[in-house]
Amino acid sequence: MRSSRLFSTETTASADGARTGLTASYARLVRRGARCAAVVASWARIILVRMTQPGVRVGFDSFIGPGCTIRCAPHGTMVIRRTVLIRDVYLEAADGAVLTLDTDVLGPHCMVVARERVVIGAGCLLAEMSVVRDQDHVVAPDIPSIAMLFSATPVTLGSNVWLGAKATVLRGVTIGDNAVVGAGAVVTADVAAGARVGGVPAVPLRTSRSGAAADVRPDDRSPDATAAVLPAQRSAARADFTSPAR
């Protein structure tokens, strides 16, 4: 009786383990299929953009997610390299403007608009709803608002810049390499390399916490330290969006 009960228990455990293994296999297969479908859909969007907008140069090393809007005027230039546009991203380059992205990842609902020149360097991360613009509306007593006149000054983001959610970078701003802009900040002046800024308008930040990799002081920041500060999941996110299967 005891051996029969033990055998029954072992059989049930084996069956449960087999079902669990089968479920995990199905889940991996579904995830792989979803990645393949997303990449194929991105390729279709890239082909459509290249066919309909000659000023846009984008390769299959990039990913264009659903709901993204890319507008390049006939005499504008837009270069997109190794960039993931997750979804609902808005990119615009006006006549004569140059927009260059070598950005790694733009989160949902980001907006980048160039009327003269916007350059976003390699390895940058723009969190959801970030805005980068190189122009302001011209406001004067003798100019009606409906005239929609703009004043533009180039914007440059260096390499490995991190913009927090809802951060805004305004015209004429240069952000140095490895800088971090806090969520909701409005950047109206240049940001030094490795600096951490936040607020409206953005100002340099210091923190009382110590010992954490994310709290390295700007003057102590080295390339190795910066690698620790920036999100480790960056390469994983790129792989999820750009690889048909993994």
Side-chain angles (χ1 to χ4, degrees), residues 28 30-94 97-114 117-132 134 154-163 167 169 175-180 223 226-227 229-246:
R28 285 194 297 269
V30 169
R31 287 196 298 268
R32 184 172 298 176
R35 285 198 296 270
C36 289
V39 170
V40 170
S42 171
W43 290 346
R45 296 181 192 109
I46 290 171
I47 292 171
L48 180 62
V49 168
R50 290 167 62 166
M51 291 177 61
T52 58
Q53 303 196 60
V56 179
R57 298 201 294 270
V58 56
F60 295 105
D61 58 348
S62 294
F63 176 91
I64 300 178
C68 292
T69 301
I70 298 176
R71 293 180 177 174
C72 186
H75 300 290
T77 301
M78 188 181 299
V79 180
I80 304 173
R81 293 188 295 261
R82 299 180 296 276
T83 298
V84 173
L85 311 178
I86 292 180
R87 68 174 184 274
D88 300 307
V89 174
Y90 182 89
L91 304 178
E92 180 181 344
V98 177
L99 172 57
T100 302
L101 298 175
D102 193 358
T103 322
D104 223 359
V105 178
L106 273 71
H109 303 286
C110 283
M111 176 178 287
V112 181
V113 179
R117 187 177 77 251
V118 174
V119 177
I120 301 181
C124 290
L125 296 175
L126 278 64
E128 62 273 15
M129 292 182 277
S130 298
V131 177
V132 179
D134 69 346
V155 170
T156 302
L157 274 63
S159 61
N160 297 317
V161 173
W162 187 0
L163 299 186
V169 179
I175 300 180
D177 297 347
N178 306 314
V180 177
T226 301
V229 173
L230 294 177
Q233 64 268 30
R234 171 193 299 163
S235 58
R238 281 192 55 80
D240 283 341
F241 284 107
T242 58
S243 300
R246 189 176 61 179

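When reading the values below, keep in mind they use all heavy atoms of this one structure, side chains included, and skip hydrogens, waters and symmetry mates.
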Under the side chain to side chain contact (heavy atoms under 4.5 Å, CB included) rule, what do Leu101 and Ile80 come out as? Steps first, then yes or no, please. CA-CA 5 Å; Leu101 298 175; Ile80 304 173; 4.3 Å; yes
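- Ala73 and Ala94 get closest at one heavy-atom pair: CB-C, 3.6 Å.
- Taking the side chain as every heavy atom from C-beta outward, Val105 and Phe63 never approach each other to under 4.5 Å.
- Separating the CG atom in Asn160 from the CG atom in Asp177 is a distance of 7.0 Å, to the nearest 0.5 Å.
- Under the 4.5 Å side-chain criterion, counting only non-hydrogen atoms from C-beta, Asp102 is in contact with Arg82.
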Is there a side chain to side chain contact (heavy atoms under 4.5 Å, CB included) between Leu126 and Val89 once you walk through the steps? CA-CA 11 Å; Leu126 278 64; Val89 174; over 6 Å; no
Verdict with reasoning, Arg57 to Thr77, per side chain to side chain contact (heavy atoms under 4.5 Å, CB included): CA-CA 8 Å; Arg57 298 201 294 270; Thr77 301; 3.9 Å; yes
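- Here the side chain of Asp104 pairs no donor or acceptor atom with the backbone of Leu125 at under 3.5 angstrom.
- Looking only at side-chain heavy atoms (C-beta outward), Glu92 and Thr69 stay at 4.5 Å or farther from each other.
- Distance check: Cys68 SG to Leu106 CG gives 8.5 Å after rounding to the nearest 0.5 Å.
- Taking all atoms of both residues into account, the shortest heavy-atom contact from Gly65 to Arg45 is C-NH1, 3.6 Å.
- Here the side chains of Leu91 and Ile70 are in contact, with some heavy-atom distance below 4.5 Å.
- Counting only distance, with no hydrogens or angles, the side chain of Ser62 and the backbone of Thr83 share a donor-acceptor pair below 3.5 Å.
- Taking 4.5 Å as the limit, some side-chain heavy atom of Ile86 sits within range of a side-chain heavy atom of Pro108.
- Contact record, Cys72 with Met78: SG-N, 4.1 Å, taken as the closest heavy-atom pair.
- In summary, of the residues considered (Val131, Val161, Ile120, Val132), a side chain to side chain contact (heavy atoms under 4.5 Å, CB included) with Val169 occurs for Val132 alone.
- By the 6.0 Å contact criterion, CZ on Arg71 is open, its count of non-hydrogen atoms from other residues, nucleotides or ligands being 12 or less.
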Thr100 vs Arg81, side chain to side chain contact (heavy atoms under 4.5 Å, CB included): CA-CA, chis, key distance, verdict: CA-CA 8 Å; Thr100 302; Arg81 293 188 295 261; 3.8 Å; yes
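- Here the straight-line distance linking atom NE2 of His109 with atom CZ of Arg87 works out to 5.5 Å at 0.5 Å rounding.
- From Leu85, atom CG reaches atom CD1 of Ile64 across 6.0 Å, with rounding to the nearest 0.5 Å.
- From Met129, atom CE reaches atom SG of Cys110 across 9.0 Å, with rounding to the nearest 0.5 Å.
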